[in-house]
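Everything on this sheet refers to the single structure shown next.
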Number of protein chains: 2
Amino acid sequence: MKVTIKDVAKYAGVGVGTVSRVLNHGSVKETTRHKVEAAIKKLNYQPNTYARGLKANRTNTIALIIPTIWHPFFSEFAYYIEKYATAMGVKLFLCNANHNSEKEYEYIQMVKRNKVDGIIGITYSNIDQYLSSHLPFVSIDRHFSEDVVYVTADNEAGGRIAVQELIKRGCQSVCFIGGYQQIPNETKKRRQAFERTCQEQAISYSILDLEEPILDLDKQLTSFFLSQPEIDGVFAINDTMALDVITCLKKLNKSVPEDVQVIGFDGQKISEHADYLVSSIVQPIDQMAKMAVQRLTEIIDGKQVVKRTVLPVKFVPGDTTLFVQT
Amino acid sequence: MKVTIKDVAKYAGVGVGTVSRVLNHGSVKETTRHKVEAAIKKLNYQPNTYARGLKANRTNTIALIIPTIWHPFFSEFAYYIEKYATAMGVKLFLCNANHNSEKEYEYIQMVKRNKVDGIIGITYSNIDQYLSSHLPFVSIDRHFSEDVVYVTADNEAGGRIAVQELIKRGCQSVCFIGGYQQIPNETKKRRQAFERTCQEQAISYSILDLEEPILDLDKQLTSFFLSQPEIDGVFAINDTMALDVITCLKKLNKSVPEDVQVIGFDGQKISEHADYLVSSIVQPIDQMAKMAVQRLTEIIDGKQVVKRTVLPVKFVPGDTTLFVQT
DNA sequence: TCCTATTTTGGAAACGATTCCATTTTAATA
DNA sequence: TATTAAAATGGAATCGTTTCCAAAATAGGA
């Protein structure tokens with residue numbers, strides 16, 4: 001029933017070594033190669049991945065650890081990771097960490113059991129402590145420890161641009177609404193750059209920093225906006241938050257963008273051909289994914305790797321900011 | 001550097017068989033078990049998956065083939081598949097088929113190379129022909145050939161309910177807008193049930209069947225609605241289409257739901273805690289995923305399997321239909 | 001044609017686990 | 001204590017590859 005390399009060898013009248021050589025980097029005589037290939041086709045031979053993996057100690061598989069695939073940003077990211085991984089002949093394990101560090105840990109164990117060659121992770125727990133050692137790992141938006149290779153969008157510039165765009169559109173009083181993650185990561189820079197730019201531009205601003213886990217988001221937003229009715233521009237930590245803000249503002253009978261303009265972050269679309277959900281600082285997700293796969297491959301191949309990769313963002317106006325002549 | 005079972009055996013002063021027995025179904029004396037476990041911990045031993053797979057001929061890995069993860073329906077589905085798979089100790093390969101049958105085929109080859117134990121697929125090409133034979137495969141929304149095990153929502157009921165809900169809300173002239181896939185699948189029943197129910201209820205109706213691939217969707221929708229201004233109720237093949245319809249209607253200065261009410265299908269949310277996007281016939285995605293994993297496991301374990309699993313849908317009102325007293 | 005250099009080939013060893021069988025240890029019974 | 005049954009254990013064989021080395025085939029040169 002099951003066809004092995006021995007069957008092929010016997011059928012072709014050669015040794016197993018020869019078949020193996022045909023399969024891989026072969027220096028085999030043309031005529032024998034033909035015989036072997038005929039046998040492979042005839043018997044419909046499929047090399048056993050496990051036997052291969054056992055020798056080669058390489059699986060051509062990577063794992064993607066994300067909080068949850070069920071989110072436009074992560075699903076887009078996963079889409080591109082899969083795309084570029086496949087293009088390089090690498091398969092992808094999907095792991096929804098779900099803020100469950102046990103699950104993350106289990107996946108790391110998997111690496112050690114050599115089921116995967118490396119990991120790409122967007123993680124908000126302290127996973128990289130385990131990894132900072134010597135396992136192939138690329139982090140997204142996060143560089144907790146020194147040796148971690150990471151890829152990130154230019155959050156710094158994003159925060160600055162957001163403020164500038166709001167001012168350009170006539171906002172007098174802006175705010176930043178963030179939270180969601182408590183662990184230090186690159187996204188914190190959005191807030192920092194926002195604050196610094198506001199000071200530089202001398203515009204009145206405030207900041208709402210929500211503690212994670214966020215309970216009663218709607219309530220907190222409502223009381224914030226009620227207490228600060230002068231706010232006419234919002235920079236939200238991400239598009240999901242922006243949507244929540246918009247929902248809240250509508251309930252308060254403020255219209256977007258006429259009364260309050262909102263800029264998010266990420267550039268979420270719910271699928272490839274859809275529109276952007278809100279005006280947003282768009283991350284180059286495609287490029288980030290590409291670079292992440294590339295960097296990981298470099299690590300796996302033992303090459304010298306650039307630790308920090310920062311990719312540019314841009315503002316894309318949508319329905320939640322006013323139109324301005326450029 | 002690399003710790004094998006031999007190292008553990010030597011360190012613990014026992015034979016390799018004993019270590020293996022501790023690791024698996026062990027009948028081992030308590031004292032030796034302790035010694036071995038201590039050694040395992042001390043040496044930080046991780047069993048090599050490939051060596052295991054080679055003997056066991058089982059990988060505890062399944063593949064999920066979907067058109068694209070970058071879509072709320074599929075990403076939610078993938079989320080639950082991963083959840084239930086992980087709960088059963090099964091890992092998940094992600095494959096965006098992207099209407100690329102070569103990629104699908106590559107995954108089938110993978111099964112044969114025993115890299116995965118089975119496949120769950122939402123596919124619009126004819127992949128299940130390859131699979132229907134003897135490979136573990138569960139199809140979603142599709143049963144092209146007889147032997148295919150499949151899981152689906154009750155699309156039939158969905159189409160019926162949609163019409164009833166529109167009528168209940170006062171619609172006088174309804175339409176179905178579909179297309180997107182040309183290959184026979186369970187979603188066709190939405191259209192059939194719509195049509196039949198309209199006839200039964202004696203309501204004026206029309207149908208817009210868009211040919212795939214859909215070019216100029218917006219244009220086609222616009223001319224359809226212009227030519228049929230009396231339409232006040234729309235049943236869209238899925239929520240994505242519903243969103244496109246709504247966008248189009250707004251451009252035509254028709255307000256939703258006052259002028260035209262819209263019901264979609266799927267029950268899409270863009271993430272776990274978000275609102276539904278539109279009024280919709282909600283599929284029990286969670287349950288569908290659960291059943292899919294369960295059925296696949298049954299097949300892999302060689303059990304007798306129910307071929308057809310149909311799960312109930314329900315209508316969830318959103319902002320795109322009028323409020324009615326229930 | 002013969003001898004050497006090169007290419008091609010066969011097959012044993014190795015990868016790291018599991019499993020089975022023979023052997024030893026332990027427990028139970030008389 | 002002696003005898004036997006049961007439980008625990010060690011280790012060889014096995015899974016299907018790849019790799020390496022020695023042997024065989026071929027080519028080249030005189």
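Chain A is the first sequence line, chain B the second, and so forth, proteins listed ahead of strands; every chain is numbered from 1. Predicted model, so just to flag it, every value in this text is computed and none were measured.
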Mind jotting down which residue pairs meet the salt bridge (charged side-chain N to carboxylate O under 4.0 Å, His left out) criterion with at least one end in [range]? Sequence neighbours excluded, please.
range: residues 44-64 of chain B; result: B:R58-B:D117, B:R58-B:D301
range: residues 69-86 of chain A; result: A:E82-B:K103
range: residues 5-19 of chain B; result: none
range: residues 27-36 of chain B; result: B:R33-B:E37

Pick out the pairs of N or O atoms, protein on one side and nucleotides 19-23 of chain C on the other, that lie under 3.5 Å.
residue	atom	partner	partner atom	Å
C:dT19	OP2	B:H25	NE2	3.1

Considering residues at least two apart in sequence or located in another chain, which fulfil the side-chain hydrogen bond (donor to acceptor under 3.5 Å, both in side chains) criterion with B:R142?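 Scan of B:R142 (side-chain hydrogen bond (donor to acceptor under 3.5 Å, both in side chains), adjacent residues dropped) gives none.
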Here the ring-ring contact (aromatic ring centres under 6.0 Å, His included) pairs for residues 46-71 of chain B, sequence neighbours left out, are A:Y50-B:Y50, A:Y79-B:W70, A:Y80-B:W70, B:H71-B:F74
Test of understanding: with side chain to side chain contact (heavy atoms under 4.5 Å, CB included), list the residues that count as partners of B:A63, not counting sequence neighbours. B:F93, B:Y107, B:V116, B:I119
Test side chain to side chain contact (heavy atoms under 4.5 Å, CB included) applied to B:K41 - qualifying residues, sequence neighbours left out: none
Between the two end axes of the helix from C:dT1-D:dA30 to C:dA30-D:dT1, each built from 5 base pairs, what angle do you get to the nearest 10°? 40°
What parts of residues 38-54 of chain A reach DNA chain D, counting only heavy atoms under 4.0 Å away?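 Only A:Y45, A:Q46, A:P47, A:N48, A:A51, A:R52, A:L54 qualify.
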Nucleotide interval of DNA chain D bounded by contacts with chain B (heavy-atom cut-off, under 4.0 Å): D:dA8 to D:dG16
